[in-house]
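Worksheet for the structure shown next.
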Amino acid sequence: MSNLALALIALGTWIAIGLATAWWMARKGFRHWGWPLMGIVFGPILTLAAGERTRLHRLGPLARTEVGPPGPGGLRVLVGVDGSPQSLAALDQAADLLGPYAQALVAVEVVGYDAADSETDPSITTAKNHLRAVTERTAGRVTHCDIISGPPAQALMAYAKEQDIDLIVVGTHGRGLSRRLLGNVAQQLVRQQSVPVLVIGEQRTSPDEAV
């Protein structure tokens with residue numbers, strides 16, 4: 001085997017290990033675009049930093065917006081949102097069906113752990129814009145909005161346990177490729193046995209409504 005072939009194999013292995021590490025970190029909640037780039041450049045070296053980095057993450061909400069007063073009921077409901085029509089449909093259903101019975105109706109968006117390092121991170125800005133639209137859409141029916149960080153399913157479940165949530169409401173899928181991603185999040189939430197989960201499917205317009 002020629003030296004060139006050996007060099008290409010070594011380079012491919014180097015990049016593959018780096019990208020696999022970046023993918024593993026994304027699964028752990030570190031979804032910044034820079035990680036795959038560092039994986040390509042640093043390869044196996046990234047694995048040395050990955051373990052330490054995944055242990056150093058911030059817990060608790062990154063930002064909170066108080067919206068409305070507590071409701072008349074006793075339920076504490078969490079709605080996972082991401083700005084997609086599907087998550088907004090889940091929010092509308094939760095507000096309409098559960099609002100009269102809820103003491104707290106909380107809208108929560110999940111960002112990557114990397115966002116916890118800077119309040120000016122673009123993903124936090126985007127999440128704040130999404131939650132601002134949520135407060136306008138629900139006209140005070142949401143009691144407060146939180147931004148949390150981590151892998152979506154695990155972060156939502158940890159938040160639900162920490163905040164004594166009685167019910168988690170999520171949509172079936174979200175933006176673009178997240179049809180599979182958010183659908184997988186919903187499946188992960190449903191599989192756990194700690195907090196009940198209500199999964200709301202995509203609302204479809206009937207032919208009569210479309211006219």
Side-chain angles (χ1 to χ4, degrees), residues 29-33 57-71 73 75-179 181-183 185-186 188-189 195 197-200 202-203:
F30 294 85
R31 302 192 296 271
H32 191 275
W33 61 268
H57 57 263
R58 179 175 171 179
L59 301 176
L62 305 182
R64 168 167 291 184
T65 302
E66 301 290 345
V67 182
L75 283 176
R76 297 180 59 81
V77 180
L78 181 163
V79 184
V81 298
D82 66 354
S84 69
Q86 292 76 23
S87 70
L88 293 178
L91 175 72
D92 290 341
Q93 291 290 321
D96 292 341
L97 298 176
L98 303 172
Y101 309 100
Q103 176 191 33
L105 182 60
V106 188
V108 177
E109 178 149 356
V110 184
V111 298
Y113 278 134
D114 299 289
D117 297 332
S118 173
E119 293 185 358
T120 60
D121 187 279
S123 61
I124 290 186
T125 301
T126 299
K128 287 181 176 179
N129 290 335
H130 290 164
L131 294 175
R132 189 177 298 113
V134 163
T135 62
E136 295 173 356
R137 184 184 187 93
T138 57
R141 289 179 294 176
V142 168
T143 55
H144 59 277
C145 301
D146 276 344
I147 300 172
I148 61 177
S149 60
Q154 294 92 319
L156 288 172
M157 185 52 58
Y159 177 96
K161 293 178 180 178
E162 181 183 285
Q163 300 293 323
D164 294 323
I165 295 296
D166 298 304
L167 177 67
I168 299 173
V169 180
V170 292
T172 51
H173 59 267
R175 302 183 300 273
L177 293 178
S178 62
R179 171 179 288 271
L181 174 62
L182 194 55
V185 169
Q188 291 179 53
L189 288 171
V195 183
V197 178
L198 173 62
V199 180
I200 295 179
E202 182 179 5
Q203 291 181 324

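Reckoned from all heavy atoms, side chains included, excluding hydrogens, waters and symmetry mates.
- Nearest heavy-atom pair across V79 and A94 is CG2-CB, 3.7 Å.
- A pairwise comparison of heavy atoms in G171 and A90 identifies N-CB, 3.8 Å as the closest pair.
- Ion pairing of R76 with D164 is absent here, as no side-chain N (NZ or NE/NH1/NH2) approaches a carboxylate O to less than 4.0 Å.
- In terms of heavy atoms, S123 sits closest to V111 at O-CG1, 3.8 Å.
- Within the model, atoms OG of S149 and CD of E109 stand 12.5 Å from one another, a figure rounded to the nearest 0.5 Å.
- With values rounded to the nearest 0.5 angstrom, I200 atom CD1 is found 9.0 Å from L91 atom CG.
- The distance from atom CE of M157 to atom CD1 of I165, rounded to the nearest 0.5 Å, is 10.5 Å.
- Atom CG in L75 sits 10.0 Å away from atom OH in Y101 (nearest 0.5 Å).
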**OP:** Please assess T65 against L131 for the test side chain to side chain contact (heavy atoms under 4.5 Å, CB included), listing each intermediate value before the final yes or no.
**Re:** CA-CA 9 Å; T65 302; L131 294 175; 5.9 Å; no

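- C145 contributes atom SG, which lies 12.5 Å from atom NZ of K128 (distance to the nearest 0.5 angstrom).
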Original post:
side chain to side chain contact (heavy atoms under 4.5 Å, CB included) between Q188 and Q154: does it pass, once the steps are laid out?
Top reply: CA-CA 8 Å; Q188 291 179 53; Q154 294 92 319; 3.9 Å; yes

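- What you find for D146 and H144 is that their closest heavy atoms are OD2-CD2, 4.0 Å.
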Original post:
Going through the distances and angles, do V170 and S87 end up as a side chain to side chain contact (heavy atoms under 4.5 Å, CB included)?
Top reply: CA-CA 6 Å; V170 292; S87 70; over 6 Å; no

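- For D166, there are no side-chain hydrogen bond (donor to acceptor under 3.5 Å, both in side chains) partners, not counting sequence neighbours.
- V77 has its side chain out of reach of I168: every pair of non-hydrogen atoms, C-beta onward, lies at least 4.5 Å apart.
- The shortest non-hydrogen separation linking V106 to V108 is CG1-CG2, 3.7 Å.
- Each of L98, V199, L78 was compared with V169 under the side chain to side chain contact (heavy atoms under 4.5 Å, CB included) criterion, and only L98 meets it.
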**OP:** Start with the C-alpha distance between R141 and D96, add both sets of side-chain angles, then the distance that settles side chain to side chain contact (heavy atoms under 4.5 Å, CB included), and finish with yes or no.
**Re:** CA-CA 9 Å; R141 289 179 294 176; D96 292 341; 2.6 Å; yes

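- The heavy-atom pair separating P70 from T143 by the smallest distance is CA-CG2, 4.1 Å.
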